[in-house]
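Worksheet: the structure to be examined is printed underneath.
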Amino acid sequence: MKISKIAIVSRFDHQDALDMVRKIYDEFGSKVEIVLSPKTGDHLGITENLLPVEKMRDEGVQMIISVGGDGTVLRNISKMNDPLPILGINMGTLGFLVDVPPEDAIKDIDDVLKGFTYTERSRLSVCLNGERLYDATNEIVLITARPAKILTFRISIDDSQIEDVRADGIVLATPTGSTAYAMSAGGPIVDPRVDASIIVPLAPFKLSSRPWIVPGSSTLKVEMMIPEKEAAVVIDGQHSYSMKENDVVTITKAENPARFVSSSINGFYEKVQSKLA
């Protein structure tokens with residue numbers, strides 16, 4: 001596939017990231033049409049070829065280069081109903097969604113522009129009391145809004161109640177998100193090729209409350225059970241909502257997956273070993 005139009009989005013709080021965008025823009029601007037997200041352009045003083053992420057697919061963008069960390073990737077995926085393939089240049093800290101180190105950026109982008117493949121990762125569709133929220137690429141976290149206040153959640157899978165969990169919160173993750181918050185909370189590392197969802201209690205009151213792995217086709221429902229307490233529903237660390245007694249979060253597999261450009265570090269197990277070494 002001939003690559004004729006790409007986009008670049010970047011974090012803004014690190015000058016190194018903006019310098020990397022400028023380097024990519026100068027190196028490849030004569031070889032391929034490049035558009036920038038408006039805020040990226042603003043920080044670089046570029047006023048032409050600016051396009052919101054939400055409109056990039058409709059305007060013919062074939063791939064997005066994300067310069068930053070996992071948060072930059074997740075923020076921009078959440079803006080797209082049908083996500084474009086993303087290539088992550090790692091200008092953050094430890095990240096599982098940003099494969100390319102800055103010293104390899106120019107070479108890897110040059111290779112990708114000759115033609116690329118990508119992998120698809122399932123996302124989760126989230127509804128709060130029937131209202132559709134943003135889809136999640138990594139996880140949905142239900143967590144106490146008041147520190148040191150334990151909550152009670154009723155969890156159902158396909159209308160079968162599995163457990164009432166008393167805990168600080170719950171992480172509901174995709175296999176992609178199994179190496180993020182869910183892993184830190186004691187959940188399993190799951191190969192992203194596995195069609196599954198992961199449920200991990202946060203600091204549960206009962207030691208018998210353990211993580212669950214359920215089929216990816218399942219409908220998950222989580223209900224708040226205790227009055228006069230409030231939780232926060234946080235999607236991919238980017239979007240937050242309030243949840244109170246008798247509110248219900250319903251989670252199903254999203255229609256459109258996230259897409260990631262294949263890079264020189266392709267193997268999941270190789271990536272886990274290199275990131276967690």
Side-chain angles (χ1 to χ4, degrees), residues 1-46 48-53 56-57 60-80 83-121 137-138 176 179-180 192 258-277:
M1 178 176 64
K2 180 175 174 55
I3 311 303
S4 58
K5 190 172 185 177
I6 66 172
I8 308 175
V9 297
S10 175
R11 64 186 300 175
F12 319 122
D13 55 342
H14 280 206
Q15 187 60 44
D16 287 350
L18 294 171
D19 291 344
M20 175 59 71
V21 176
R22 173 64 73 178
K23 185 176 180 181
I24 296 169
Y25 191 86
D26 291 345
E27 178 72 24
F28 296 104
S30 62
K31 302 174 184 178
V32 65
E33 184 179 356
I34 299 177
V35 301
L36 303 176
S37 63
K39 287 187 177 179
T40 302
D42 287 347
H43 281 79
L44 290 172
I46 296 173
E48 298 179 346
N49 288 340
L50 305 182
L51 194 63
V53 173
M56 287 179 177
R57 177 177 285 279
V61 172
Q62 296 162 284
M63 177 188 75
I64 294 175
I65 298 172
S66 177
V67 181
D70 281 0
T72 307
V73 171
L74 293 169
R75 182 167 56 253
N76 288 290
I77 289 177
S78 75
K79 296 177 181 179
M80 296 181 282
L84 288 163
I86 288 185
L87 178 68
I89 309 299
N90 190 0
M91 302 296 294
T93 52
L94 175 67
F96 277 86
L97 304 180
V98 282
D99 289 341
V100 181
E103 61 270 20
D104 294 339
I106 298 302
K107 176 185 178 299
D108 281 17
I109 293 170
D110 189 49
D111 289 342
V112 164
L113 291 181
K114 298 171 185 174
F116 67 88
T117 60
Y118 60 84
T119 59
E120 294 188 340
R121 303 284 188 89
T137 299
N138 265 1
T176 298
T179 51
R259 299 178 175 95
F260 296 94
V261 175
S262 300
S263 68
S264 55
I265 302 178
N266 291 328
F268 173 70
Y269 302 104
E270 176 188 3
K271 186 185 298 186
V272 169
Q273 186 177 30
S274 67
K275 298 289 185 181
L276 300 183

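More than 12 heavy atoms of other residues, nucleotides or ligands shown are found within 6.0 angstrom of CD on Glu103. Atom NZ of Lys31 has more than 12 heavy atoms from other residues, nucleotides or ligands within 6.0 Å.
Across Ile3 and Gly115, no two heavy atoms sit closer than the pair CG1-N, 4.4 Å. Contact record, Val112 with Met63: CG1-SD, 3.3 Å, taken as the closest heavy-atom pair. The two residues Val261 and Pro85 have their closest heavy-atom pair at CG2-CB, 3.8 Å. Closest non-hydrogen pair, Thr179 versus Thr176, comes out as OG1-O, 3.3 Å. Between Pro102 and Met91, the shortest heavy-atom distance links the atoms CB-SD, 3.6 Å. For the pair Ile77 and Ala258, the tightest heavy-atom approach, listed with the atom from each and the gap, is CD1-CB, 4.0 Å.
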Please list every donor-acceptor pair under 3.5 Å in which a side-chain atom of residues 65-76 meets a protein atom from a residue at least two apart or in another chain.
| from | atom 1 | to | atom 2 | distance (Å) |
| --- | --- | --- | --- | --- |
| Asp70 | OD1 | Phe96 | N | 3.3 |
| Asp70 | OD1 | Leu97 | N | 2.9 |
| Asp70 | OD2 | Phe96 | N | 3.0 |
| Asn76 | ND2 | Thr72 | O | 2.8 |

N/O donor-acceptor pairs under 3.5 Å from side chains in residues 14-26, not counting sequence neighbours:
| from | atom 1 | to | atom 2 | distance (Å) |
| --- | --- | --- | --- | --- |
| Gln15 | NE2 | Asp19 | OD1 | 2.9 |
| Arg22 | NH2 | Leu44 | O | 2.9 |

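Taking the side chain as every heavy atom from C-beta outward, Val32 and Gln62 never approach each other to under 4.5 Å. Between Tyr118 and Leu87, every side-chain heavy-atom pair lies at or beyond the 4.5 Å cut-off. Using a 4.5 Å heavy-atom threshold, the side chains of Ser262 and Thr119 count as touching.
Rounded to the nearest 0.5 Å, atoms CZ (Arg121) and OG1 (Thr137) are 10.0 Å apart. Going from atom CD1 of Ile109 over to atom CD1 of Ile8 covers 7.0 Å, rounded to the nearest 0.5 Å. Going from atom CD1 of Ile64 over to atom CE of Met56 covers 5.0 Å, rounded to the nearest 0.5 Å.
A search for side-chain hydrogen bond (donor to acceptor under 3.5 Å, both in side chains) contacts involving Arg259 returns Asp82, Glu120, not counting sequence neighbours.
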Practice task
Evaluate side-chain contact (heavy atoms from CB on, under 4.5 Å) for Thr40 paired with Phe12, printing each intermediate quantity in order.
Solution key: CA-CA 7 Å; Thr40 302; Phe12 319 122; 3.8 Å; yes

Practice task
In sequence, state the C-alpha distance, the side-chain angles, and the governing distance for Ile86 and Met80, and then conclude on side-chain contact (heavy atoms from CB on, under 4.5 Å).
Solution key: CA-CA 12 Å; Ile86 288 185; Met80 296 181 282; 4.2 Å; yes

Exercise for the section: With side-chain contact (heavy atoms from CB on, under 4.5 Å) as the test, would you mind laying out the steps for Leu113 and Ile6 before giving the verdict? Expected result: CA-CA 9 Å; Leu113 291 181; Ile6 66 172; 3.9 Å; yes

